[in-house]
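Owing to the predicted nature of the structure, the values given are computational and were not obtained by experimental measurement. The figures here come from the full heavy-atom set of this structure, side chains too, leaving out hydrogens, waters and symmetry mates.
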2 protein chains.
Amino acid sequence: MARMNPDLRRESIVAATLAVMQRQGIAATTVRDVAAALGTSSGLIHHYVTSMDELITEAFERAATEDLERAAAAVSGGSDPIDRLRRFFDSYTRADDDSGMQLWLDAWAEAARRPALQQASRRLNEDWQQLICQLIRDGCAAGVLSSEDPEGTAWRLLSLLDGLTLQCVAHGDTITREQVALWSHRAAEMELGLPQGTLS
Amino acid sequence: MARMNPDLRRESIVAATLAVMQRQGIAATTVRDVAAALGTSSGLIHHYVTSMDELITEAFERAATEDLERAAAAVSGGSDPIDRLRRFFDSYTRADDDSGMQLWLDAWAEAARRPALQQASRRLNEDWQQLICQLIRDGCAAGVLSSEDPEGTAWRLLSLLDGLTLQCVAHGDTITREQVALWSHRAAEMELGLPQGTLS
DNA sequence: ATCACTATTGCGCACCTGTCCAATAACTCC
DNA sequence: GGAGTTATTGGACAGGTGCGCAATAGTGAT
């Protein structure tokens with residue numbers, strides 16, 4: 001393989017690791033797979049990364065952070081709180097494929113055994129909850145929706161989305177993506193005192 | 001190791017497998033670990049079981065089925081639907097430790113790579129949903145609660161419980177068991193047209 | 001053109017995995 | 001007691017794992 005700028009090389013390693021993780025799952029991601037995906041040798045990976053654990057955590061953290069930023073971008077701009085809420089559910093529900101969520105399933109399961117991964121996963125979940133919470137507070141301030149416990153409501157909505165998507169990804173089509181969207185809308189309408197159908 | 005009745009032996013192998021799975025996680029459970037837990041040799045395991053995959057699926061299926069039956073037992077008897085609902089949430093929320101739910105996290109993550117496990121997991125989830133659904137229908141028939149979509153409501157409540165418990169188990173104490181109970185009660189009250197505080 | 005530097009290689013090491021199998025030990029029945 | 005059955009053993013096998021390291025090749029400065 002041609003020589004490469006170290007920063008770019010490290011970048012490409014993390015990117016390749018992420019791709020392998022999404023395809024094969026965290027537990028089945030090996031140094032050799034990542035090297036093969038890059039068309040290089042396994043030794044090179046260890047020249048840039050001290051351990052496989054560190055690499056996996058870093059790749060997950062990057063992917064998850066990008067997801068969050070995408071959601072944050074989706075709800076920014078346009079000041080109608082109801083519309084921002086709609087856009088939030090859209091960005092969560094309309095993932096291109098299941099690999100993103102499958103990565104979360106892996107991370108949750110592995111968290112108990114990988115402290116660094118647990119810390120990253122935990123922090124990112126709290127950020128998601130804060131994103132929803134802010135959306136609710138803004139809507140309350142604007143007077144278009146109501147919640148007597150924005151923090152709790154945000155946790156309930158996030159957990160419901162996680163739980164529904166989980167069914168979707170882990171069990172094939174026990175429930176469909178359309179149902180995830182519809183049902184999370186219904187729950188949000190109940191939580192926020194909105195007329196049924198406002199979000200769908 | 002002393003000779004043992006084949007049926008009892010098989011029983012003990014599945015039980016030992018389950019114990020190892022709960023301690024180390026599904027992915028890290030090996031034939032040798034199970035054999036060591038029993039104080040026997042690894043060859044013995046394969047004398048009773050055709051493959052490791054089959055063994056893991058069987059152990060998970062047994063543990064999960066027992067959980068479900070415990071919940072079903074908790075809601076049977078006593079005909080007050082509200083009280084049965086309360087008992088259901090109690091039995092789900094008051095697990096002795098986290099290892100039971102951790103097993104579910106593992107199963108959901110592994111489901112994508114183990115078809116037999118996915119099938120078992122899927123079927124058991126549907127059974128849980130049916131259990132809740134029947135509870136709701138009974139309450140509707142008795143006129144003490146209302147739901148215009150019992151199937152959907154059951155999926156939402158189950159997914160919410162899964163999502164909340166997930167946060168609890170995967171992320172330490174991001175949210176507490178008490179909050180899981182309280183928040184799922186709130187959601188159920190909203191879903192079923194019950195006055196706030198009915199279930200807590 | 002020669003040098004120092006370092007990105008990259010590819011193999012070796014120790015260890016782990018599921019599965020299989022001949023040998024052995026323990027039990028039952030005659 | 002001897003014979004037949006089978007539960008149990010312990011190691012062999014082929015393959016996989018993360019990691020380390022001497023050797024190599026490409027690069028920029030002198």
Side-chain angles (χ1 to χ4, degrees), chain A residues 1-60 106-107 109-110 113-117, chain B residues 1-61 106-107 109-110 112-117:
Chain A
M1 202 63 182
R3 226 163 206 249
M4 193 181 277
N5 172 291
D7 290 343
L8 293 180
R9 177 57 87 184
R10 196 168 205 288
E11 195 81 10
S12 75
I13 288 177
V14 174
T17 305
L18 181 58
V20 175
M21 283 164 67
Q22 286 176 333
R23 177 154 33 88
Q24 309 181 349
I26 290 182
T29 297
T30 72
V31 187
R32 284 164 178 82
D33 290 334
V34 175
L38 281 170
T40 65
S41 63
S42 71
L44 184 65
I45 310 298
H46 280 95
H47 190 253
Y48 287 90
V49 156
T50 60
S51 82
M52 198 57 196
D53 247 66
E54 174 201 308
L55 181 55
I56 283 175
T57 303
E58 186 172 339
F60 165 75
D106 283 346
E110 294 267 325
R113 264 91 53 178
R114 301 198 203 216
L117 194 63
Chain B
M1 202 63 183
R3 225 161 206 251
M4 192 181 277
N5 172 291
D7 289 343
L8 293 181
R9 176 59 87 185
R10 196 169 207 288
E11 196 80 11
S12 75
I13 288 176
V14 175
T17 305
L18 182 58
V20 175
M21 282 165 66
Q22 286 176 333
R23 177 156 34 90
Q24 309 181 349
I26 290 182
T29 297
T30 73
V31 188
R32 283 161 178 83
D33 289 334
V34 175
L38 281 170
T40 65
S41 63
S42 70
L44 184 66
I45 310 298
H46 279 95
H47 191 253
Y48 288 90
V49 156
T50 59
S51 83
M52 197 59 196
D53 248 65
E54 175 201 307
L55 180 55
I56 282 174
T57 303
E58 187 173 338
F60 166 76
E61 208 162 355
D106 283 346
E110 291 272 322
R113 266 91 54 180
R114 303 199 201 218
L117 193 63

Which atom pairs, donor and acceptor, lie under 3.5 Å between side-chain atoms of residues 34-52 of chain B and protein residues at least two apart or in another chain?
| from | atom 1 | to | atom 2 | distance (Å) |
| --- | --- | --- | --- | --- |
| B/Thr50 | OG1 | B/Glu54 | OE1 | 2.4 |
| B/Ser51 | OG | B/Asp53 | N | 3.4 |
| B/Ser51 | OG | B/Glu54 | N | 3.2 |

Item to complete: Mind calculating the distance between CD1 (B/Ile45) and P (D/dT8) to the nearest angstrom?
Response: 10 Å
Worksheet item: What integer distance in Å separates A/Leu55:CG from D/dT17:C1'?
Response: 15 Å
Worksheet entry | Value in whole Å for how far the P atom of C/dA22 lies from NE2 of B/His47 | 14 Å
Atom pairs under 3.5 Å: protein N/O with N/O of nucleotides 13-21 of chain C:
| from | atom 1 | to | atom 2 | distance (Å) |
| --- | --- | --- | --- | --- |
| C/dG18 | OP2 | B/Val31 | N | 3.1 |
| C/dG18 | N7 | B/Arg32 | NH1 | 2.9 |
| C/dG18 | O6 | B/Arg32 | NH2 | 3.0 |
| C/dT19 | OP2 | B/His46 | NE2 | 2.9 |
| C/dT19 | OP2 | B/Met52 | N | 2.9 |

Response to the item:
Taken to the nearest 0.5 Å, the spacing of B/Leu18 CG from B/Ile13 CD1 works out to 14.0 Å
Worksheet item: Do you know which two heavy atoms are closest between B/Pro115 and B/Arg113, and how far apart they sit?
Response: CD-O, 3.7 Å
Response to the item:
Rounded to whole Å, the CG-C1' distance (A/Leu38 to C/dT9) equals 14 Å
Discussion item. Do A/Arg10 and A/Met4 make a side-chain contact, defined as non-hydrogen atoms from C-beta onward lying under 4.5 Å apart?
Written reply: no
Worksheet, complete the sentence: Here the distance between atom C1' of C/dT6 and atom CZ of A/Arg10, to the nearest Å, is 17 Å
Worksheet entry | Nucleotide C/dC27, atom P - distance to CG of B/Leu8 in whole Å | 15 Å
Discussion item. Below the 4.0 Å mark, does C/dT8 have OP1 or OP2 next to a side-chain nitrogen or oxygen of A/Tyr48?
Written reply: yes
Item to complete: Compare all side-chain heavy atoms of A/Asp7 with those of A/Glu11 and state whether any distance is below 4.5 angstrom.
Response: no
Item to complete: Indicate the atoms forming the closest heavy-atom contact of B/Ala2 with B/Arg9, along with that distance.
Response: O-NH2, 3.4 Å
Worksheet item: How long is the gap from CD1 on B/Ile26 to CE on B/Met21, to the nearest 0.5 Å?
Response: 4.0 Å
Worksheet item: Got a second to check how far B/Arg23's CZ is from B/Thr29's OG1, nearest 0.5 Å?
Response: 8.5 Å
Practice prompt. Could you tell me the separation between the CZ atom of B/Arg9 and the C1' atom of C/dC27, rounded to a whole number of Å?
Written response: 14 Å
Worksheet item: Do the charged groups of A/Arg114 and A/Asp106 touch, with an N to O distance under 4.0 Å?
Response: no
What protein N or O atoms touch nucleotides 23-30 of chain D N or O atoms at under 3.5 angstrom, if any, and at what distances?
| from | atom 1 | to | atom 2 | distance (Å) |
| --- | --- | --- | --- | --- |
| D/dG26 | N2 | A/Arg3 | NH2 | 2.8 |

